[in-house]
Amino acid sequence: DWSSDVCSSDLEFRSTVAADLVVDVLGYYRPTASASSGRWVVTTPYRLGDASVAAGSSANLTVGAPVPDDAAGVLVSITVSGVDGPWSIGGLSAVTARSGEITTNRYIVRPGPLAITSASGGQVSVDVVGWYTGASAPVGTEGLFVASTPIRVLDTTSLPDPLGAGVAIHAGWTVEIPFVMPGAGAVLANVITTNAHGAGDVIAHPAGRERGSARVASSTRAGAGSSGQIPIGLAERGVAVFASGGTEATVDVVGWFVGSAMASSSARPSNPMPAPDPFPGYLVVPSIKLSTMVRENVDLVNLDPVHIPET
């Protein structure tokens, strides 16, 4: 149960496995016909900074122009790697690093100095995704949020899939998701990736427009999966998902921001078929610490214990 001075709500979280859970409320939307403050501003995501941070130290950045000084909030995408441990902003956990993995999360901050503290050290990249207007903005409706029943617009394991039923996003491909949402200038979407083809990043962006730098998910190895929620500017051709390393993906639209779709100014993606992986290859099963060579025309992989290192 959660409440504030203007609203309250019962929140329910379900997990198919046992897990620890931390929930921080960073803000909320409330109904209004128009407003000056709190309206979402669509921009091409850009890199704010990169840093290597020692255990117990902070990456110190500044959120400045083009973000207005009085912006009500700035949405940043934080990507970390290193040994296990939390990264925090203002004493609240923003994202948790896992050894051997790349982890990404979105967080709302204020304009000005931004300190991101690491408990155990590692590398961090921060991208500005967009911001919410402040009190100096004119009164209007553009950027107001409208919640909706979730709509699945992409599922590469089945349908809908513009690439063809069950066709994954191969390495370097961009899948454009054509859909029309009258009165919307951006959508809020959950992006879920599974069975990554290899190491790489996933970026969601307006179809036919610049991708920007904000990753919604990343993987360091084949078979990995991740998920994240991110606002995506809406273009005439819809939205698009780019995967540098290849992956299966689903996209669910859970709301939208009032506005108008932008023009799709670049050509449609060509998505050439990737070259087949050459032999010999390697079969890697991290859960049992197995790594073994696979040669051409070999029907049996020998699970010789010599391939399994001592723990």
Side-chain angles (χ1 to χ4, degrees), residues 15 17-24 26 45-64 67 73-130 171 190-204 211-230 242-247 249 284-287 289 291 309 311:
S15 176
V17 297
D20 294 319
L21 178 66
V22 176
V23 178
D24 297 319
L26 304 179
Y46 62 90
R47 181 61 48 86
L48 185 64
D50 303 280
S52 294
V53 180
S57 299
S58 301
N60 294 295
L61 306 170
T62 300
V63 180
V67 178
V74 184
L75 183 64
V76 294
S77 182
I78 305 170
T79 302
V80 298
S81 59
V83 297
D84 292 351
W87 293 68
S88 60
I89 297 175
L92 297 178
S93 178
V95 63
T96 299
R98 296 188 296 270
S99 296
E101 303 287 343
I102 298 174
T103 310
T104 299
N105 194 31
R106 262 60 54 196
Y107 204 85
I108 297 176
V109 301
R110 294 286 190 179
L114 172 62
I116 306 175
T117 303
S118 174
S120 51
Q123 289 71 46
V124 60
S125 298
V126 182
D127 298 283
V128 172
V129 179
N190 292 332
V191 181
I192 302 170
T193 64
T194 57
N195 296 324
H197 298 177
D201 301 319
V202 175
I203 298 175
R211 281 199 297 265
S213 58
R215 293 167 279 193
V216 67
S218 296
S219 62
T220 57
R221 56 179 173 81
S226 186
S227 63
Q229 185 178 87
I230 193 168
F242 167 77
S244 64
T247 189
V284 180
V285 185
S287 61
K289 298 183 174 62
S291 177
T311 58

Nearest 0.5 Å, please: how far is [atom2] in [Y] from [atom1] in [X]?
X	Y	atom1	atom2	value
Leu48	Ile116	CG	CD1	8.0 Å
Arg98	Thr220	CZ	OG1	9.5 Å
Ile192	Gln229	CD1	CD	10.5 Å
Thr247	Asn195	OG1	CG	7.5 Å
Thr117	Trp87	OG1	CH2	9.0 Å
Thr79	Arg215	OG1	CZ	4.0 Å

Report yes if the side chains of [X] and [Y] come closer than 4.5 Å at any heavy-atom pair, otherwise no.
X	Y	answer
Val74	Leu114	no
Leu26	Tyr107	yes
Ile89	Ile78	yes

Just jot down the side chain to side chain contact (heavy atoms under 4.5 Å, CB included) partners of Ser52, sequence neighbours excluded, or say none.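 If we apply the side chain to side chain contact (heavy atoms under 4.5 Å, CB included) test to Ser52, skipping adjacent residues, the hits are Gln123.
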
Please report the closest heavy-atom contact between [X] and [Y], naming both atoms and the distance.
X	Y	result
Asp50	Ser125	OD1-OG, 2.5 Å
Thr104	Ser218	OG1-OG, 3.9 Å
Gly91	Ser88	C-CB, 4.3 Å
Pro111	Val67	CG-CG1, 4.3 Å
Ser213	Asp127	OG-OD1, 2.6 Å
Ser15	Val17	OG-O, 2.6 Å

Using modelled atom types and a 3.5 Å cut-off, is there a donor and acceptor pairing between side-chain atoms of [X] and backbone atoms of [Y]?
X	Y	answer
Asn105	Ala94	yes
Ser219	Gly198	yes
Ser244	Asp201	yes
Thr193	Ser226	yes

Quick check on Arg221: does its CZ atom have over 12 non-hydrogen neighbours (other residues, nucleotides or ligands) under 6.0 Å away?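 Enclosed.
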
If the test is side chain to side chain contact (heavy atoms under 4.5 Å, CB included), which one of Val129, Val126, Val216, Ile230 qualifies with Ser77? Val129

